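Values in this document were obtained by computation on a predicted structure and should not be read as measured data. Just the heavy atoms: all of them, side chains too, but no hydrogens, waters or symmetry mates, feed the values below.
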Amino acid sequence: MRTKLITATAVVLVLVITSLLMLESGPVRVRITTTTSLYATGLLDYLGDQFRKDHPNVELDFIAVGSGEALRRAKQGDACMVLVHAPSLEKRYMEEGAMAEGHIFAYNYFIIAGPPSDPAKVREAKSPIDAFKRIYEAGERGETSFASRGDNSGTHVKELSVWRAAGLDPKGRPWYMETGSGMGATLLVANEKGAYVLSDIGTFLKYSKDGKVPDLFILFEGGDELLNIYSVYLVPSCAGEEAKYARAFTDFVVRDAQDLIARYGISKYGQPLFYPAKDKLDWLRERWQALAEG
């Protein structure tokens, strides 16, 4: 009896001391800039909740902006960690020394969505380049419009690369709209205007399933040309406890959370919103390099 009492007392003391230490030091806040698609789909909040089960003293502050803005803010020291999907921009910031220790952790694909009437006949396109040519020609005929993010995000960078590959420049044309907004807001504009739009499939599936874009349908998808690769980077200028837990969350995303990423979205959307990188790293690194070189 005496032994049990001593043991119970010791456990209570340990819990009290641990709680007091946590109260004294307070939570550690980790600033993370991220592309909007990872946040809008709910994936980051989900992964953050799982991470905090082992690190209850850590608060993850996700700052959802386009990939270009996410990298720019990190370079200025406004973040300790970055999650993005724009290889050409990532390469430039790495060469400048603003980012370090990049890891590919997930991928999915871009899709081209538009109105069900499909005036540009994108459904019949043989490639993304062919699809964009059809949209340009239909736009010039006054039959359709295109909603672009126009925000230097990873999706915007991808869109511009397809226009360049098609030998076309739609900027300034009356049917070409730049929203300057995230993926969700741009999908809403495309839905309202009956326009075509390039989107990551994760955000599109979420908005479609939630009934926010009833007049938008996937008209073109598939193929390596629309591959969408997500990477995580640490910011070298970040230090102290924030840097310590930024590295811990990076390790979690790259290693421990891969199965969580594989299952995320299946129950609600019938398919995963993202695919884990763990089994295709060599292929993804090769494709990332090709995309980064443009």
Side-chain angles (χ1 to χ4, degrees), residues 31-45 61-76 78-79 81-94 96 98-99 102 104-114 128 132 135 145-165 169-171 176-191 193 195-207 212-213 216 221 225-233 235 273-274 287-288 291-292 294:
R31 295 163 298 157
I32 303 170
T33 52
T34 173
T35 175
T36 58
S37 54
L38 292 170
Y39 187 74
T41 55
L43 176 66
L44 286 186
D45 279 340
D61 293 335
F62 297 117
I63 305 164
V65 289
S67 289
E69 178 66 9
L71 289 163
R72 189 189 68 79
R73 291 191 185 196
K75 181 181 179 180
Q76 290 183 335
D78 295 334
M81 181 177 168
V82 189
L83 299 154
V84 284
H85 64 141
S88 60
L89 295 179
E90 296 160 33
K91 181 174 183 291
R92 190 176 79 202
Y93 277 88
M94 286 187 70
E96 294 174 355
M99 306 295 142
I104 296 171
F105 69 94
Y107 71 98
N108 60 16
Y109 292 87
F110 292 106
I111 55 97
I112 301 173
F132 271 38
I135 293 169
S145 56
F146 186 95
S148 167
R149 288 183 58 169
D151 62 350
N152 200 32
S153 62
T155 305
H156 184 218
V157 170
K158 181 64 179 180
E159 178 215 315
L160 295 180
S161 74
V162 180
W163 286 122
R164 281 196 302 273
D169 181 7
K171 192 174 181 62
Y176 186 75
M177 302 175 288
E178 292 183 297
T179 68
S181 303
M183 194 68 256
T186 303
L187 284 170
L188 295 178
V189 170
N191 181 75
K193 302 294 185 181
Y196 291 93
V197 62
L198 181 75
S199 172
D200 68 281
I201 192 169
T203 307
F204 178 84
L205 288 176
K206 176 174 175 53
Y207 272 62
K212 295 180 178 177
V213 289
L216 281 184
E221 63 179 327
E225 293 168 299
L226 293 182
L227 180 63
N228 184 21
I229 302 173
Y230 291 89
S231 298
V232 56
Y233 296 86
V235 179
L273 300 188
F274 303 89
R287 294 300 304 153
W288 185 96
L291 292 169

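Scored by the salt bridge (charged side-chain N to carboxylate O under 4.0 Å, His left out) test, K206 finds D210 as partners (sequence neighbours excluded). Under the rule for a side chain to side chain contact (heavy atoms under 4.5 Å, CB included), the partners of A190 that lie at least two apart in sequence or sit in another chain are A147, A195, V197, L216. Residues satisfying the side chain to side chain contact (heavy atoms under 4.5 Å, CB included) criterion with L205, sequence neighbours excluded, are I201, Q271, L273. The side chain to side chain contact (heavy atoms under 4.5 Å, CB included) test applied to N228 returns H85, N108, F110, D200, Y230, not counting sequence neighbours. Qualifying ring pair (Phe, Tyr, Trp, His ring centres under 6.0 Å) partners for F132, counting only residues two or more places apart in sequence or in other chains: F146, W163. R287 meets the salt bridge (charged side-chain N to carboxylate O under 4.0 Å, His left out) test with no other residue; sequence neighbours excluded.
From F274, atom CZ reaches atom CG of L38 across 5.0 Å, with rounding to the nearest 0.5 Å. Between the CE atom of M99 and the CE atom of M81 there is a distance of 12.0 Å, given to the nearest 0.5 Å. Atoms CD1 and OH, on I32 and Y233 in that order, are 15.5 Å from each other to the nearest 0.5 Å. To the nearest 0.5 Å, atom CD1 of residue I135 and atom OH of residue Y196 are 6.0 Å apart. Separation of atoms CD (E96) and NZ (K75) is listed at 4.0 Å; rounding is to 0.5 Å. Between the CZ atom of F204 and the CE atom of M183 there is a distance of 10.0 Å, given to the nearest 0.5 Å.
At a threshold of 4.5 Å between non-hydrogen side-chain atoms, the residues T33 and E69 do not count as touching.
Applying the 6.0 Å contact sphere to OH of Y176 captures more than 12 heavy atoms from other residues, nucleotides or ligands.
Using a cut-off of 4.0 Å between Lys/Arg side-chain N and Asp/Glu carboxylate O, R149 and D151 are scored as salt-bridged.
Pairing each heavy atom of A74 with each of V82, the nearest pair is CB-CG2, 3.3 Å. Here the shortest heavy-atom pairing between E178 and G150 reads OE2-CA, 4.0 Å. Taking all atoms of both residues into account, the shortest heavy-atom contact from K212 to L188 is O-CD2, 3.6 Å. Among all heavy-atom pairs drawn from I104 and W288, the shortest one is CD1-CB, 4.0 Å. Taking each heavy atom of P128 and E225 in turn, the nearest pair found is CD-OE1, 3.1 Å.
Under the side chain to side chain contact (heavy atoms under 4.5 Å, CB included) test applied with L71, the options N152, V235, V84, V65 reduce to a single match, V84. Of the residues T179, T155, T36, T203, the one that meets the side-chain hydrogen bond (donor to acceptor under 3.5 Å, both in side chains) test with T186 is T179.
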Using the side chain to side chain contact (heavy atoms under 4.5 Å, CB included) rule, take L83 and F105 through it: C-alpha gap first, then chi angles, then the decisive distance, then the call.
-> CA-CA 9 Å; L83 299 154; F105 69 94; 3.7 Å; yes

Practice item. Evaluate side chain to side chain contact (heavy atoms under 4.5 Å, CB included) for S67 paired with V157, printing each intermediate quantity in order. Key: CA-CA 9 Å; S67 289; V157 170; over 6 Å; no

